[in-house]
A.B. asks: 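Okay, here's the structure, questions in a sec.
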2 protein chains.
Amino acid sequence: MRSFPADQEIVRDGDDPDHCCLLIEGFMHCYKQLETGKRQIVSFHIPGDLPDLQTMQLNVMDHALGTLTPCVVAFIPHRALHLLVGEFPNLAVAFWRDSLINAAIFREWVVNVGCRPGPQRLAHLFCELFYRLETVGLAHKDGCEMPLTQAVLGDATGLSSVHVNRMMQDLRGRGLIATKAKFLQILDREKLQDFAGFDPTYLHMKEVLSP
Amino acid sequence: MRSFPADQEIVRDGDDPDHCCLLIEGFMHCYKQLETGKRQIVSFHIPGDLPDLQTMQLNVMDHALGTLTPCVVAFIPHRALHLLVGEFPNLAVAFWRDSLINAAIFREWVVNVGCRPGPQRLAHLFCELFYRLETVGLAHKDGCEMPLTQAVLGDATGLSSVHVNRMMQDLRGRGLIATKAKFLQILDREKLQDFAGFDPTYLHMKEVLSP
DNA sequence: CGGAGTCTTGACCGTTGTCAATGTTGGTGG
DNA sequence: CCACCAACATTGACAACGGTCAAGACTCCG
């Protein structure tokens, strides 16, 4: 287990690691850096996530993994994971399900970036983060910690940081959210979801594992 | 095994199917229909693909699956797949890998839609399709079948069909591609990949299964 | 108190969307 | 073999969304 400061690259694009990360505390993100200078964040990760579980099966990292805030990360050798999976086949199923749910989130991100206008795009991202944080007990009744700068939100939504700023003002103006310091207050969850066209089905949270 | 005409929905958003599809012939796509009327295609599928393999683990479809061209599809009951996986654990690993590679493709789509300009976005999609078709022996030396209308390409790239048209002209004007009927000719693969910023690593094609 | 990082604002520009009309093509039936 | 039709591709004019640049305000932290 190790601690890292904010904005630190933990796994590099092209790496071939022999262990997986388990995020204990803090926010991480997966991203790709383009040669044009642009950067696209492809996922956010919160405590409890295994952000690079796929390295158990895919040798080469096709993206980078880094911290957004100070983080505590546990490293688990692939060897140990493979032994565990061999011993507890249900764990293999759980890992597979994890991968599938991640894929479902990626799909929704494609939709978000591909065809929602600025304000809805941000609103949708907020809904998703709120749901996920809620699931692991890290949300409050009326909102959640949101230690993401507007530049980071821009890299995740395909918008410029200036435009993110304007769209946040738009959302505040609509009475959907409020922000103080690094806390995102959700003023009316129903309205926010309706506005964003958010449907939590894709997070597959209510489904029960088949025996 | 059944045949379907073009533009037919095979699995609906919200369904809870008890079988998986194996695409034998033709092109399929996964997509989400928004209430705003917009549609986002999240993946294309070619012969050999299992486009809804995730239904083995995730009960509810969070997107739709349909044909783009006339297709031949084989249906395999989940029950049969679970039995197979029980008998041949390597198959479970293969399925997991399949899901992971699909996820990698989704990640790249997020990047594509999120931060590449129109022409590069189309070029990148063409590179991906060419690689994948090549892998299953369905490409020619200088290009591949491309039975996708400009409206479909638009729904996949987050562009309007009118803009797709203009960007195609741009690519033709740069001497990168040519199109006749439903065939996409790739005039200079190197140049096209460079232009698109395409790096096939994310397709994880050269990697060997660990024993 | 000072400074770095972040947020906010305004002006302007470029990319992309929309609408509507016109070509073009492949397939079908006479 | 030809006429016709529907789907698709193409064009032009215009509008809107979002990007860029540059400056200034705020906030947190040492």
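To find a chain, count down the sequence lines: A is the first, B the second, and so on, and within it residues start at 1. Because the structure is predicted, anything quoted here is derived from the model rather than measured. The figures that follow rest on heavy atoms only: side chains count, while hydrogens, waters and symmetry mates do not.
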A.B. asks: Is there a side-chain contact between A:N165 and the phosphate of C:dT8, meaning an N or O under 4.0 Å from OP1 or OP2?
C.D. replies: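 Answer is yes, contact under 4.0 Å.
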A.B. asks: State whether the number of non-hydrogen atoms from other residues, nucleotides or ligands found under 6.0 Å of B:Q169 atom CD is greater than 12.
C.D. replies: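 Yes - once you tally the heavy atoms of other residues, nucleotides and ligands closer than 6.0 Å, there are more than 12.
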A.B. asks: Using whole Å, what does the distance between atom P of nucleotide D:dC8 and atom CZ of B:F183 come to?
C.D. replies: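 So the two atoms are 21 Å apart, to the nearest Å.
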A.B. asks: What does B:G154 touch in the nucleic acid at a heavy-atom separation under 4.0 angstrom: a base, only the sugar-phosphate, or nothing?
C.D. replies: nothing
A.B. asks: Across the strands shown, which category fits B:K182 at heavy-atom distances under 4.0 angstrom: base, sugar-phosphate, nothing?
C.D. replies: nothing
A.B. asks: Look at all strands and tell whether B:T149 reaches a base, only sugar-phosphate, or nothing, counting heavy atoms closer than 4.0 Å.
C.D. replies: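 Since only primed, P, OP1 and OP2 atoms lie under 4.0 Å of B:T149, the category is sugar-phosphate.
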A.B. asks: Taking only side-chain N and O atoms of B:K38, does any of them lie within less than 4.0 angstrom of OP1 or OP2 on C:dT18?
C.D. replies: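 Indeed, a polar side-chain atom of B:K38 lies that close.
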A.B. asks: When the C1' atoms of the five terminal pairs at each end define the local axes, what inter-axis angle does the helix from C:dC1-D:dG30 to C:dG30-D:dC1 show, to 10 degrees?
C.D. replies: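 The helix from C:dC1-D:dG30 to C:dG30-D:dC1 shows an end-to-end axis angle of 40°.
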A.B. asks: Rounded to whole angstrom units, what separation is found between the CG atom of A:D170 and the C1' atom of C:dT8?
C.D. replies: 15 Å
A.B. asks: It should be established whether B:Q169 places a side-chain nitrogen or oxygen under 4.0 Å from OP1 or OP2 of nucleotide D:dA9.
C.D. replies: no
A.B. asks: Consider the side chain of B:P117, meaning its heavy atoms from C-beta on, and name the nucleotide among C:dG10, D:dG18, C:dT16 that approaches it most closely.
C.D. replies: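 Looking only at heavy atoms from C-beta outward on B:P117, the closest nucleotide is C:dT16.
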A.B. asks: Rounded to whole Å, please give me the gap between CG in A:D155 and P in C:dT6.
C.D. replies: 12 Å
A.B. asks: If we ignore hydrogens and angles and just use 3.5 Å, is the side chain of A:T149 paired with the main-chain N or O of A:V152 as donor and acceptor?
C.D. replies: yes
A.B. asks: To the nearest 0.5 Å, what is the distance between CD1 (A:I76) and CE (A:M56)?
C.D. replies: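 Answer for the CD1-CE pair, A:I76 versus A:M56, is 9.5 Å.
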A.B. asks: Is there a side-chain polar atom (N or O) of B:Q150 under 4.0 Å from OP1 or OP2 of D:dA7?
C.D. replies: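 So the side chain of B:Q150 is outside the cut-off, no N or O lying under 4.0 Å from OP1 or OP2 of D:dA7.
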A.B. asks: Should we say atom CD of A:E9 is surrounded by more than 12 heavy atoms from elsewhere, each under 6.0 Å from it?
C.D. replies: yes
A.B. asks: Do B:R174 and B:D170 sit within salt-bridge range, that is, some charged N less than 4.0 Å from a carboxylate O?
C.D. replies: yes
A.B. asks: Taking only the side-chain heavy atoms of A:A181 (C-beta and beyond), determine which of C:dG17, D:dC28, C:dT9 contains the nearest atom.
C.D. replies: D:dC28
A.B. asks: Roughly, in whole Å, what's the span from CG in B:L171 to C1' in D:dT10?
C.D. replies: 16 Å
A.B. asks: Figure out the CE/C1' separation between A:M167 and C:dT8, and round it to whole Å.
C.D. replies: 13 Å
A.B. asks: Provide, to the nearest angstrom, the distance between the CG atom belonging to B:L68 and the C1' atom belonging to D:dA7.
C.D. replies: 15 Å
A.B. asks: Counting only side-chain N and O atoms of A:R172, is one of them less than 4.0 Å from OP1 or OP2 of C:dT8?
C.D. replies: yes
A.B. asks: At less than 3.5 Å, do the side-chain atoms of A:R121 and the base atoms of D:dG18 form a donor-acceptor pair?
C.D. replies: no
A.B. asks: What's the closest nucleotide to the A:H163 side chain, out of D:dA13, C:dT16, D:dG18?
C.D. replies: D:dG18
A.B. asks: Considering non-hydrogen atoms only, spot the tightest contact between B:V136 and B:I46 and give its length.
C.D. replies: CG2-CD1, 3.8 Å
A.B. asks: Students often get this wrong, so: under 4.0 angstrom with heavy atoms, is B:R116 touching a base, only sugar-phosphate, or nothing?
C.D. replies: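 It contacts nothing in the nucleic acid.
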A.B. asks: Using whole Å, report how far CG of B:D7 lies from P of D:dA6.
C.D. replies: 17 Å
A.B. asks: If the condition is ring-ring contact (aromatic ring centres under 6.0 Å, His included), which residues does B:H29 pass it with, not counting sequence neighbours?
C.D. replies: B:Y31
A.B. asks: Provide, to the nearest angstrom, the distance between the CZ atom belonging to A:R166 and the C1' atom belonging to C:dT8.
C.D. replies: 8 Å
A.B. asks: Sort out for me which residue in B:V72, B:D52, B:L50 forms a side-chain contact (heavy atoms from CB on, under 4.5 Å) with B:L22.
C.D. replies: B:L50
